[in-house]
Amino acid sequence: MDASDIARQMKDKNARPLSLSGHVGFDSLPDQLVNKSTNQGFCFNILCVGETGIGKSTLMDTLFNTSFENFESSHFEPKVKLRAQTYELNESNVRLKLTIVNTVGFGDQMNKQQSYQPVVDYIDAQFESYLQEELKIKRSLYNYHDSRIHVCLYFISPTGHSLKSLDLVTMKKLDSKVNIIPVIAKADTISKSELHKFKIKIMSELVSNGVQIYQFPIDDESVAKINSTMNGHLPFAVVGSTEEVKIGNKMVKARQYPWGVVQVENENHCDFVKLREMLICVNMEDLREQTHTRHYELYRRCKLEEMGFKDTDPENKPVSLQETYEIKRQEFLLELQRREDEMRQTFVQRVKEKEAELKEAERELQNKFEQLKRLHQEERMKLDEKKKLLEDEINAFNKRKSAAELLQAQAFSSSSSMNIKRDKDRKNDTACSMEYSMK
Ligand code: GTP
Ligand code: MG
């Protein structure tokens, strides 16, 4: 019995160990699990974070021995975007649903936050959609496409100098959300001694800035040795190429230069094989598990705490989800009531204010009306006076007119009687003169 068996027994001290007297069959459970998982297929999601043109797509093609869709990014993106592509791969009847997420335009912005924030948001969005699926009444996690990022390959420029501040700030923002494996890209462009110093410098900068990168696990005895050795080789210096060059009588992936050939899979030339071994062959399952048990768990906890859910009350007594829900409901109802009262009071106050305003306006209108009425009366009195004067004038005029007419009439009658007399006289004169002439 080894130490882990004793520990297990200490944990399960309530369970009594019994020995079996014959074959039962539950020793096939691991095989059942393998069969089930193989039928179901696997899912793995890689996020490649690195500057434009640093060699992200070439490395993915080299790692998976295929040619994925490739879009060249420009250096003039106003904001970093993330492009995700999902592929179905098959190797010896094991199906892998692989999603590769690439940053587009990373590091091309003046403002560092504009570079890392979209990456952080993307990772959170994948956690959020998983959480939403989990919280559904009718969950379908079995056939849910899990898009949570299992590993982030962080591509460091082979400057040989030190990490850029953007690298540090981005890795710091991401380290609690994703398993980060830093890689030195295009490692064929840096000399061996410079590379050695660069690796040491990078690791010391990461440590001094408190950036937690993914450590290959050493708790499983079967891989503890290789993993602890590989932890010492981080960050991996990688070279990518899909070109094949003939070396001896074999075609190998390599990059050919005027002065020689860099073989991608030659461990003396670069750490590509180490990365492939660690990422795909040895620790793929641990990366998936860490994503679920560490990073997603942290996201879920923070999110539920933000919503007010907690495992214990302020006195550290355990509270169930149901109790928290009831407390929250009560708090919510009280808050609702309080807001309703507040709104009602505000409403009454506003009505009073409005009433006072209206009364004031009414008073002003009344005053204006009274003033206009007064003016109108004054105008009317003036007009009445003028009318009276005018009527007096008209009466006087009429009197004068009738007097004048009377006078005129008298004058006319006297002049007409004189005319008659004059006519008579003239007639008499005429008759006399005719008498005379006949004589
Ligand atoms: P974007 O997606 O446009 O941001 O670029 P990327 O990061 O995917 O880079 P990509 O793989 O398209 O490579 C850009 C250029 O770098 C190509 O010309 C590659 O041949 C070259 N390249 C890729 N990997 C390496 C490498 O390991 N060493 C050297 N020297 N060149 C490389
Ligand atoms: Mg690319």
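Both ligands and their constituent atoms are indexed starting at 1 by order of listing. If you read the sequence from its start, that first residue is 1, and numbering goes on from there.
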Using a distance threshold of 2.8 Å, state whether an N, O or S atom of S57 lies below it from the Mg ion (ligand 2). yes

Can you name the atoms of ligand 1, numbered from 1 with element, that are less than 4.0 Å from a heavy atom of T58? 10 (P), 11 (O), 13 (O), 19 (C), 23 (C), 24 (N)

Against L153, only a single residue in V49, L275, N179 fulfils side-chain contact (heavy atoms from CB on, under 4.5 Å); can you say which? L275

Below 3.5 Å, N or O to N or O, backbone or side chain included: is there any such pair between T52 and ligand 1? no

Residue, atom name and distance, where the atom is the protein heavy atom closest to atom 26 (C) of ligand 1: K186 CG, 3.5 Å

Does G53 come within less than 4.0 Å of ligand 1, judged by its heavy atoms? yes

Hey, does the side chain of S157 reach the backbone of T159 with a donor-acceptor pair shorter than 3.5 angstrom? no

Any N or O on T103 sitting closer than 3.5 Å to an N or O of ligand 1? no

Can you tell me how the ring of Y257 sits relative to the ring of W259, calling it parallel under 30°, perpendicular over 60° and tilted otherwise? parallel

Protein contact to atom 6 (P) of ligand 1 [nearest heavy atom, distance to 0.1 Å]: K56 N, 3.5 Å

Test item, D188 contacting ligand 1 (heavy atom, 4.0 angstrom): yes

For ligand 1, which part of F68 has a heavy atom less than 4.0 Å away: the side chain, the backbone, both, or neither? neither

Here's a test for you: under side-chain hydrogen bond (donor to acceptor under 3.5 Å, both in side chains), which of N266, N65, T242 qualifies with K253? N65

Is it true that Y257 lies under 4.0 Å from ligand 1, counting heavy atoms only? yes

Purely on distance, is any nitrogen or oxygen of G55 under 3.5 Å from one on ligand 1? yes

Is the closest basic N to carboxylate O distance between R338 and E342 below 4.0 Å? yes

What do you reckon, are the aromatic ring centroids of F272 and F236 less than 6.0 Å apart? no

What protein heavy atom lies closest to atom 29 (C) of ligand 1? Include the residue and the distance to one decimal. R255 NE, 3.3 Å

To the nearest 0.1 Å, how far is atom 3 (O) of ligand 1 from its closest protein heavy atom, and which atom is that? S73 N, 2.8 Å

Scan the protein's non-hydrogen atoms and note whether one is under 4.0 Å from atom 22 (N) of ligand 1. yes

Do we get R148 above Y296's six-membered ring, with its NZ or CZ under 6.0 Å from the centre and within 45° of the axis? yes

V238 N/O under 3.5 Å from ligand 1 N/O: no

Say whether G240, considering both its backbone and side-chain N or O atoms, lies within less than 3.5 Å of an N or O atom on ligand 1. yes

Give the residue, atom name and distance (to 0.1 Å) of the protein heavy atom nearest atom 8 (O) of ligand 1. S57 OG, 2.7 Å

Under the 4.0 Å line, does any protein heavy atom show up next to atom 17 (C) of ligand 1? no

Ring centers of F216, Y214 separated by less than 6.0 Å: yes

Ignoring hydrogens and geometry beyond distance, is a side-chain donor-acceptor pair present between D167 and Y154 at under 3.5 Å? yes

With rounding to the nearest 0.5 Å, note down the distance linking OG1 in T86 to CZ in F68. 11.0 Å

Interatomic spacing from NE2 in H145 to OG1 in T99 - rounded to 0.5 Å: 3.5 Å

